[in-house]
J.: 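So that we are looking at the same thing, I have put the structure below in structure tokens.
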Amino acid sequence: MPNISKQAGSVIIIVLWTAVLLTVLVTAMASKVRLLAQTAAHNRDASRDWAQLMATVNFAEMELMLERMPVPIGQQLEETEEGELLTPAYRYNGEALELNYATPENMVVRIYDHAGKINLNRIPRRNMQLLIEKLLGSEDADPEEVQDLLAAWTDWTDLNDLEGLNGAEKDYYLELDQAYVPRNNPELDTVEEILHVRGFAELFDGINLDAAFTIYGNTRTVNLNVATREAMRFLPGLDDELIETIIAFRELEDISNRADIAEIVPFENLQELTQWVGTNTSNIYSIFVYPQQRFSGSALTGQPSNTQELAEDAVEPEDSVRQAYMEIVEVLSGNALPRIYKVDPYGMLPDTAKARVEEYGIEL
């Protein structure tokens, strides 16, 4: 009897361990199957979104080409509430666009005219000094630090290896841990190149450079109708409240001349600002396209969760997306394809929010 009891106990233990191992195995296999199903669903969605995204990019390029074609007879142009015509080219200020070509509903298109950015290849030395001073605190800026940074910029963009007073030339850059030589040319190859100038990496730390600056075209001034927040923050005479006021104003009507600017900007600020701004547009654009961010259910079942059922059609705020597919293009005519200068699948978007009128108590 004792032997029979021992054998029965051993069998029970073996059965229990077998059941445990089978449970673990089935659980692992189920998890793997679920992961594979989710991966397949994500790949399917990514492939679909990529095809739609590239089609939308092509539609955005065509939109810019249409801008250079004659307006069809009888087409009604958009007007303000007062009946004044709005300039179609000023739509390219980063607002979410509805294109003439039917684009996928889930795709967002934003186009930025580079006339709304500061051109590093055309900025006068005096304006670079004012820009540096503003970054360093304007009246609180250390004059010696300003002159050192300005001298380093001058040496980087001049045509020789002669070091200016407190400047930085070839000898300085070759002694760095990761050595390189200065440009010695006023034409930068990229916006990010400015970070290689002595002291400028610290000066522009944390700033979205591509949103504020450009190296393309011959524009020397900034058009406030299409200017990015990042660019306007560098302009003397403008603070955050004035920037939001400008954005709120241009959402209602065009800023056509100095008188319009004077309605927004106080006289003493306007004196500082005048030399920086104009009403020009350019042929250079940044196109951003990305899928609209919506709350979705399980990638495997497609069913919404309990919280998602409450906000089934909810859309994230329009400025929640920070990176998107980006192209920089030049469009010269309506019968020639755009020239592509740069492609960045993970381009950093400028600040896309509407005018923050409530935050600053702005009334127009």
J.: Would you say the side chain of Leu273 lies within less than 4.5 Å of the side chain of Leu238, judging by non-hydrogen atoms?
T.: yes
J.: The criterion is side chain to side chain donor-acceptor pair (under 3.5 Å); which residues satisfy it with Ser138, sequence neighbours excluded?
T.: none
J.: Could you measure the distance from the CG atom of Leu149 to the CZ atom of Arg198? Nearest 0.5 Å is fine.
T.: 7.0 Å
J.: Just do the side-chain contact (heavy atoms from CB on, under 4.5 Å) check on Asp113 and Asn223 with the steps written out, would you?
T.: CA-CA 9 Å; Asp113 187 336; Asn223 188 331; over 6 Å; no
J.: Are Ile261 and Leu130 linked, directly or through intermediate hydrophobic residues, by side-chain heavy-atom contacts shorter than 4.5 Å (ILVMFWY only)?
T.: yes
J.: Of all heavy-atom pairs between Val265 and Leu270, which one has the smallest distance, and what is that distance?
T.: CG1-N, 3.6 Å
J.: Within the distance-only criterion (no hydrogens, no angle test), does the side chain of Arg229 pair as donor or acceptor with the backbone N or O of Pro350 below 3.5 angstrom?
T.: no
J.: Quick check on the hydrophobic clustering: are Trp50 and Val109 connected, directly or via other members, by side-chain heavy-atom contacts under 4.5 Å?
T.: yes
J.: Just how far is it from atom CG of Leu99 to atom CE of Met62, taken to the nearest 0.5 Å?
T.: 11.0 Å
J.: Is it true that a side-chain atom of Thr228 and a backbone atom of Ala211 form a donor plus acceptor pair closer than 3.5 Å?
T.: yes
J.: Please check: side-chain N/O of Asn184 versus main-chain N/O of Leu159, any donor-acceptor pairing under 3.5 Å?
T.: no
J.: Strictly by side-chain hydrogen bond (donor to acceptor under 3.5 Å, both in side chains), give each pair with a member in residues 12-30 just once, sequence neighbours left out.
T.: none
J.: So do Tyr325 and Met54 actually touch side chain to side chain, heavy atoms under 4.5 Å?
T.: yes
J.: Taking the side chain as everything from C-beta on, heavy atoms only, tell me whether Gln52 gets closer than 4.5 Å to Asp49.
T.: yes
J.: Take Asp240 and Arg233, measure what side-chain contact (heavy atoms from CB on, under 4.5 Å) needs, and give me the verdict at the end.
T.: CA-CA 7 Å; Asp240 287 344; Arg233 288 184 183 124; 3.8 Å; yes
J.: For the backbone of Ile255 and the side chain of Asn225, can you confirm whether one donor and one acceptor N or O come within less than 3.5 Å of each other?
T.: yes
J.: Hey, can you tell me if Tyr101 and Phe59 have their rings parallel, tilted or perpendicular (30° and 60° cut-offs)?
T.: parallel
J.: Under the criterion side-chain contact (heavy atoms from CB on, under 4.5 Å), I'd like the reasoning laid out for Val146 against Gln129: C-alpha separation, chi angles, the key distance, then a yes or no.
T.: CA-CA 7 Å; Val146 171; Gln129 178 176 338; 3.9 Å; yes
J.: One thing to verify: whether Lys117 and Glu230 come together as a salt bridge, which I'm taking to mean a side-chain N less than 4.0 angstrom from a carboxylate O.
T.: no
J.: Arg126: which residues meet the side chain to side chain donor-acceptor pair (under 3.5 Å) condition with it, sequence neighbours left out?
T.: none
J.: Whether the side chain of Asn166 engages the backbone of Ala151 through a donor-acceptor N/O pair (distance < 3.5 Å, no angle test) should be reported.
T.: no
J.: If you look at every heavy atom in Ala231 and Ala212, which pair is closest and at what distance?
T.: CB-O, 3.6 Å
J.: Do Asn280 and Arg220 have side chains that get closer than 4.5 Å, going by heavy atoms?
T.: no
J.: Once ring pair (Phe, Tyr, Trp, His ring centres under 6.0 Å) is applied, do any residues pair with Phe249, and if so which ones, sequence neighbours excluded?
T.: none
J.: Under the rule for ring pair (Phe, Tyr, Trp, His ring centres under 6.0 Å), what residues qualify as partners of Trp276, not counting sequence neighbours?
T.: none
J.: Taking a hydrophobic cluster as the set of Ile, Leu, Val, Met, Phe, Trp and Tyr residues connected by side-chain heavy atoms closer than 4.5 Å, whether directly or through intermediates, do Leu209 and Tyr112 fall within one such cluster?
T.: yes
J.: What residues, two or more places apart in sequence or in another chain, satisfy salt bridge (charged side-chain N to carboxylate O under 4.0 Å, His left out) together with Arg183?
T.: Asp189, Glu193
J.: What is the minimum heavy-atom distance between Ala115 and Ser282, and which atoms define it?
T.: N-OG, 3.6 Å
J.: Where is the tightest heavy-atom contact between Glu169 and Pro182, given as atom of each residue plus distance?
T.: OE1-CG, 3.5 Å
J.: Tell me the side-chain hydrogen bond (donor to acceptor under 3.5 Å, both in side chains) pairs involving residues 250-259, sequence neighbours left out?
T.: Thr87-Asp254, Arg258-Thr274
J.: For the atom pair CE (Met128) and CG (Leu120), what is the distance rounded to the nearest 0.5 Å?
T.: 5.5 Å
J.: Of all heavy-atom pairs between Asn121 and Pro186, which one has the smallest distance, and what is that distance?
T.: OD1-O, 3.1 Å
J.: Look at Glu175 together with Lys170 and state whether they make a salt bridge at an N to O cut-off of under 4.0 Å.
T.: no
J.: Using the ring pair (Phe, Tyr, Trp, His ring centres under 6.0 Å) criterion, which residues pair with Tyr346? Sequence neighbours excluded.
T.: none
J.: Does any part of the side chain of Glu327, heavy atoms only, come nearer than 4.5 Å to the side chain of Ser286, both counted from C-beta?
T.: no
J.: Determine whether Arg125 and Leu150 make a side-chain contact, defined as any pair of heavy atoms from C-beta on separated by less than 4.5 Å.
T.: yes
J.: Val108 versus Val321: any side-chain heavy-atom pair under 4.5 Å?
T.: no
J.: Determine the minimum heavy-atom distance between Pro291 and Leu53, stating which atoms define it.
T.: CD-CD1, 4.3 Å
J.: For the backbone of Glu163 and the side chain of Asp155, can you confirm whether one donor and one acceptor N or O come within less than 3.5 Å of each other?
T.: no
J.: Hey, quick one: are Val191 and Leu235 part of the same hydrophobic cluster, counting side-chain heavy atoms closer than 4.5 Å, chains of contacts allowed?
T.: yes
J.: What pairs of residues pass the side-chain hydrogen bond (donor to acceptor under 3.5 Å, both in side chains) test when at least one of them lies in residues 203-216, not counting sequence neighbours?
T.: His114-Thr214, Asp210-Lys342
J.: Can you list everything that forms a ring pair (Phe, Tyr, Trp, His ring centres under 6.0 Å) with Phe213? Sequence neighbours excluded, please.
T.: Phe204, Phe234
J.: With sequence neighbours excluded, what pairs up with Glu63 under the salt bridge (charged side-chain N to carboxylate O under 4.0 Å, His left out) test?
T.: Arg91
J.: Is there a path of hydrophobic side-chain contacts, each under 4.5 Å between heavy atoms of I, L, V, M, F, W or Y residues, that connects Val331 with Met69?
T.: yes
J.: Show your reasoning for whether side-chain contact (heavy atoms from CB on, under 4.5 Å) applies to Arg122 and Glu187.
T.: CA-CA 8 Å; Arg122 299 293 177 265; Glu187 301 285 332; 2.8 Å; yes
J.: Test of understanding: with side chain to side chain contact (heavy atoms under 4.5 Å, CB included), list the residues that count as partners of Glu272, not counting sequence neighbours.
T.: Pro236
J.: Starting at CD1 of Ile247, measure out to CG of Leu224 and round the result to the nearest 0.5 Å.
T.: 10.0 Å
J.: Which of parallel (below 30°), tilted (30 to 60°) and perpendicular (above 60°) describes Phe200 and Trp153?
T.: parallel
J.: Can you tell me how far the CG atom of Asn58 sits from the OG1 atom of Thr103, to the nearest 0.5 Å?
T.: 12.5 Å
J.: Would you say that Tyr173 contacts Val197 through its side chain, given a criterion of any heavy-atom pair below 4.5 Å between the two side chains?
T.: yes
J.: Counting neighbours of CZ on Arg339 that are heavy atoms of other residues, nucleotides or ligands and sit closer than 6.0 Å, is the number greater than 12?
T.: no
J.: What is the distance from atom CG of Leu203 to atom CD of Glu145, rounded to the nearest 0.5 Å?
T.: 8.0 Å
